[in-house]
Amino acid sequence: MIKFTDVQKYYGSFHALHDINLEIKDGETVVLIGPSGSGKSTLLRTINGLETVEAGQLLVDGQDVASSKTNLNKLRTNVGMVFQHFNLYNNKTILENIMLAPKIVLKRGDQENRAVAERLLERVGLADQINKYPSQLSGGQQQRIAIARSLAMNPLAILFDEPTSALDPEMVGSVLDVMKEIAANPAYTTLVVTHEMDFAKAVSDRVIFMADGQILEDAPTDKFFDHPETERARKFLSQVEHH
Amino acid sequence: MIKFTDVQKYYGSFHALHDINLEIKDGETVVLIGPSGSGKSTLLRTINGLETVEAGQLLVDGQDVASSKTNLNKLRTNVGMVFQHFNLYNNKTILENIMLAPKIVLKRGDQENRAVAERLLERVGLADQINKYPSQLSGGQQQRIAIARSLAMNPLAILFDEPTSALDPEMVGSVLDVMKEIAANPAYTTLVVTHEMDFAKAVSDRVIFMADGQILEDAPTDKFFDHPETERARKFLSQVEHH
Amino acid sequence: MIIKILTDNWQPLLTGFGYTIGASILGLIGSLVLGTVFALMEMTPQPLIRGIGKALVEFFRNIPLLVITLFFYVVVSHVLKINGFWAGTLALALYTSAFIAECIRGGVNSVDPGQMEGARALGLNYTQAMMQVVLPQGFKLALPSLGNQFINLIKNSSILSFVAGLDLMYQANVISGANLDPFNTYIVIGIFYLLLTGPLSVVMTKLENKLGGSN
Amino acid sequence: NHQRSQAQETDSLQTVKTTHVMRWGVKSDTRLFGLISPKTGQSEGFDVDIARAITAQIAKQTGTKIKPEFTPVTTSSKIQLLKNHQVDAVAASMTITPERAKVVDFSTPYFPAGQSLLVKRDSPVKNIRDLNRPDATIIGVMGTTALETTKQFAPQAKVIAMPDNSQAFSALQSGQGDAMTTDNAILYGFSSQSPNVQVVGGTFTNQPYGLAVDKGQTQLQHEVDQALGTIRQNGTYERLIKKWFGNIPGLDWRELLK
Amino acid sequence: MMLAAFSATNLHYLLGGLGITIGVSVISIIISFIFGTLFGVVLYEEVPYFSRTLQLMVNTIRNLPLLLLIFFTYFALPKLGLELNAFAATVVAMSVFESTMISQIIRGGLLSVGKGQSEGALSTGMTKWEALWYILLPQGLKNSIPPLISQFISLVKDTSLATAIVLTEMTFRSQVIYGQNPNYMIPMFALITALYFIVNYSLSLLSKWFERRLSL
Ligand SMILES: Nc1ncnc2c1ncn2[C@@H]1O[C@H](COP(=O)(O)OP(=O)(O)OP(=O)(O)O)[C@@H](O)[C@H]1O
Ligand SMILES: Nc1ncnc2c1ncn2[C@@H]1O[C@H](COP(=O)(O)OP(=O)(O)OP(=O)(O)O)[C@@H](O)[C@H]1O
Ligand SMILES: [Mg+2]
Ligand SMILES: [Mg+2]
């Protein structure tokens, strides 16, 4: 589904991603962890072309994201993304948020579009909020809407960038519940950047550990948490689990 | 040290604090928890007069905070406060941040002032950052500076309002370490609003649980966590410890 | 005294009020249209159009309204037959459009970049994301500053008095030249201007507080 | 300064004598009468020279040193400034009218002016009657008497007022109206400068100019009148008329001395 | 023919006008900055009664055309015994008007510093005024620099309005020059446009420079 080969990414002269080699298979659930500034978000954002890569090859669903011939807008309909700050459209209602992209990108008919949206809102437990605006909902609710908005495009893969770190602690659970369901579904390839170690342990098949723009470890979940290979990862784990 | 008797607080017509009765003794370490919007910050902020109270009596170090005769500026030199967003002075260096109030409020001489500041920076592990500006430091570092700034006034009590919730997870540990040291020191009365349950369990003598502007429980730490009395507290604990 | 000025001069005062309102409304419409065009020019990725947009905005922002007005009145009017009212109103629209362009651009720039990203991540192209998501929010954010520009525009319409535009300020000069009571005459005229700008500025303050509060 | 305004309340002449300065309001935009020269930055013209001569003469009469000082005024502001005591006297091509005589005191006439028309050379308009139709626009200057008289002579025409002479002339040049009307002498100023316009139809009113002081300043008014009489007799006046109006095509300066 | 407009005499005269334009601007900027800052602080601090009265005055004045204030100062204030020449009247009218505009900018700048900064200072025992002086004002003024410069640009442009009371500043002088000969109109417009543009664009570059430095 996703394949990085010797990918490099620079911000100006800053080398943000070093020699990334990584393959993620269809239906896999992978968690990406590492200290702040290690390049997790950057890596995630290269996958749907929100950031360009300077060298190497990055294949997503068989298409080369780095190539100027690739239609990024088309590719993005297959790769959903959920952001730390939700990024719901503030000027649209919940229902409109979900229906906008299917309508103008997929040209999905109104009736079907609405039916899909309502079913998804049901699934994330927010069927009663369809006519509200994002600012009228709590963070946890907004994030679940954002997930529904991604699902409405019938993506093959979904990227989560710290989806719970902007939430009040009591809101985290409801969002993680929705995410667990997605992770468990083999129809979706799921890639999650998170600091929720319990969640990572519970749902992921594999853990990628990054530091300083490099992938330091790439291991099955149990193996990573039980026997981290690098000193850097051990230190990191001890810090986040410290309290 | 701090004594609330039937304290009421309104924001316009909104009743933010209901019948608060609470006593905190010298040297005690108390943790305040509760859902978002329950009035934790409001309660904390009444103690050093950042919020006024509309009825009831609030004695701090023997003085009535509600009385217009009380010199709030004087009182505040005895009651330090540490904020969620640090609130370091952006226009001053680290050293100036710490030395400003002792200089103009306590009229502490330059030499002594600097010696105190340096000692405190040592204590929070940041002696090498004195000439930087706040924006050049990480959140965890800024928060430790903010704690040092409070300590420089030789306060009797320190109030912490979610001091770690704006921090990256890896930064939390270093701040909690400094706080633990303060909590353990009987010279300081310490009141902490936090969502870090492990920290609360480890350091506090007592837990206050608030909801909807009221104090629902006020119990020794072990008792509260092992046998919360109210349904509301049980539900809250299950949510924040959910993952 | 003030009552006497009103009763003696109700006709010129009413005329002046009408011309001031007329110039303000026409100026507003003109400058909104032109200002939006300038703003869109300034924001396009196309470098030439962007350069022209920026140059026009900088040009009109940095020279006095009076100079533009006089230019229309004594030079342009040789080519197009326009009287003082139209010369003043056109100058007003052109001058104000530069400021309106900046307001709109500022509004769009202050929309959280996450909004654009959120839309792009779902496969919308730049234009779709701009028109559906970013621009509507940008306009809303620009409303308070647009309102302030409208107040400025009303005040600036007094420029018409330099070119016999028959507006309030022109009438003030005619009236005070005749009754030799500039003190009370200008107070009366001031009240007329406040009738226009005052309520608008109250509305704008409310709006600013409201938008500021919800964010 | 306070002393000065106190003194003026009582007697302008006294103030002039004690401060040794006589402050004149003069035009800045009127060719031949008061026009700022970019070279000196000062107004120059017949009015200015008359004001100088009168000041010198009053100095002689009163036996004190007096210097003239000039403040530029516009047609609409000259009475204001006189009433505000921002100037002591006005020499600004000002027509003597009963209306104005109610608020200021005039000297005896010092220039025989009358209203006339300025049109483009290719204009069919020959006199004021040609303009008495609804689609005609006549350009006047704000605050001048010409606005009223024009309405009497051409009641059907539209009259628009410009803030000053040069803007009125610009308006004529740019086709804002069919003719510009104001005093003949001022119009000759424009025609002597721009070959594409001409004065037509002669004068249709008799509206001589006077020097003005604030109402009630009779002492100063007397001195001005006396000085004016003296310079007319000693040849100064004739010299100034000749200096400014000697070379205007179509105008015999001797006519002005009658 | 048109180039004759740029004779040495004319240029010398026009540049003298630019001098007056700049002179009026600089004096008005200094006065209105001082008073505007004072007023801005009073508005921000919400001093009982005083701030409300000031707010009413500020709102009245800033909602009037500057031109009206110029006329009023020059023609009407002498009735109250305050007699000013055209230069002084312009400076007074502009200073009053711009002070009100600047007070709003300073108040906005102080508000943009954020409540946290003053709470940080208050909670260490500083008084309201100490917090203002040491913490809020330095940051508030810094945040105000770009809008202040825009306001100064307006001020420079608005000096041209004093043409109405025969202040012989640059716009007035250009009219004197093209009054000599209509062929001078276009050259004069081009020249004063360029001169205004140079002065104001330099100011706006300064503002952009500050903005870039401040955002770092
Ligand atoms: N647009 C940008 N321009 C320049 N540098 C950037 C940009 N975005 C990110 N960086 C830098 O690239 C590095 C990696 O950033 P990235 O956001 O990918 O880190 P992260 O691992 O997601 O961190 P966090 O856990 O804080 O979100 C950081 O040093 C960051 O400062
Ligand atoms: N300045 C204010 N004006 C009006 N209402 C306020 C104000 N500050 C707080 N409130 C309201 O008072 C209630 C209690 O707020 P408070 O900030 O004390 O809650 P909290 O328990 O600290 O919540 P959190 O965990 O989100 O910080 C909330 O409903 C809040 O909206
Ligand atoms: Mg990130
Ligand atoms: Mg709180």
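By convention in this document, chain letters (A, B, ...) are assigned in the order of the sequence lines, proteins followed by strands, and residues within each chain are numbered from 1.
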* Within a reach of under 6.0 Å around NZ of D:Lys120, are more than 12 heavy atoms found that belong to other residues, nucleotides or ligands? -> yes
* To do: Please name the pair of heavy atoms, one in D:Asn84 and one in E:Phe75, separated by the smallest distance, quoted to 0.1 Å.
  => ND2-O, 2.9 Å
* For D:Leu81, is it the side chain, the backbone, both, or neither that has a heavy atom closer than 4.5 Å to a heavy atom of chain E? -> side chain
* D:Arg121 atom CZ, neighbour heavy-atom count above 12 within 6.0 Å -> yes
* **Rounded distance (nearest 0.5 Å) linking atom NZ of E:Lys79 with atom NE2 of D:His85** => 9.0 Å
* With the threshold set at 4.0 Å, does a side-chain nitrogen-carboxylate oxygen contact exist between E:Glu83 and D:Lys83? -> no
* More than 12 non-hydrogen atoms from neighbouring residues, nucleotides or ligands closer than 6.0 Å to NZ on E:Lys208, yes or no? -> yes
* Asked: With a cut-off of 6.0 Å (strictly less than), are more than 12 heavy atoms of other residues, nucleotides or ligands near NE2 of E:His12?
  -> no
* Above 12 or not: heavy atoms from other molecules or residues under 6.0 Å from NZ of D:Lys67? -> no
* Interatomic distance, D:Lys39 atom NZ to E:Asn10 atom CG [nearest 0.5 angstrom] -> 10.0 Å
* Could you tell me which portion of E:Leu14 (side chain, backbone, both or neither) has an atom closer than 4.5 angstrom to a non-hydrogen atom of chain D? => neither
* Asked: Which heavy atom in D:Ile36 sits nearest to a heavy atom in E:Thr168, and how many Å separate them?
  -> CD1-CG2, 4.2 Å
* To do: Give a yes or no on whether E:Phe197 atom CZ has more than 12 heavy-atom contacts from other residues, nucleotides or ligands under 6.0 Å away.
  => yes
* Structure fact -> Tightest non-hydrogen contact, residues E:Tyr178 and D:Ser170, listed as CE1-OG, 4.5 Å
* Asked: Of the non-hydrogen atoms in E:Phe172 and D:Ser28, which two are nearest, and what is the gap between them?
  -> CZ-OG, 3.6 Å
* Decide yes or no for E:Val166 and D:Val73: does some side-chain heavy atom of the first lie under 4.5 Å from some side-chain heavy atom of the second? => no
* Structure fact -> Smallest heavy-atom separation, E:Tyr74 atom then D:Thr71 atom, equals OH-CG2, 4.3 Å
* Close side-chain approach of E:Arg173 to D:Pro38, heavy-atom, < 4.5 Å -> no
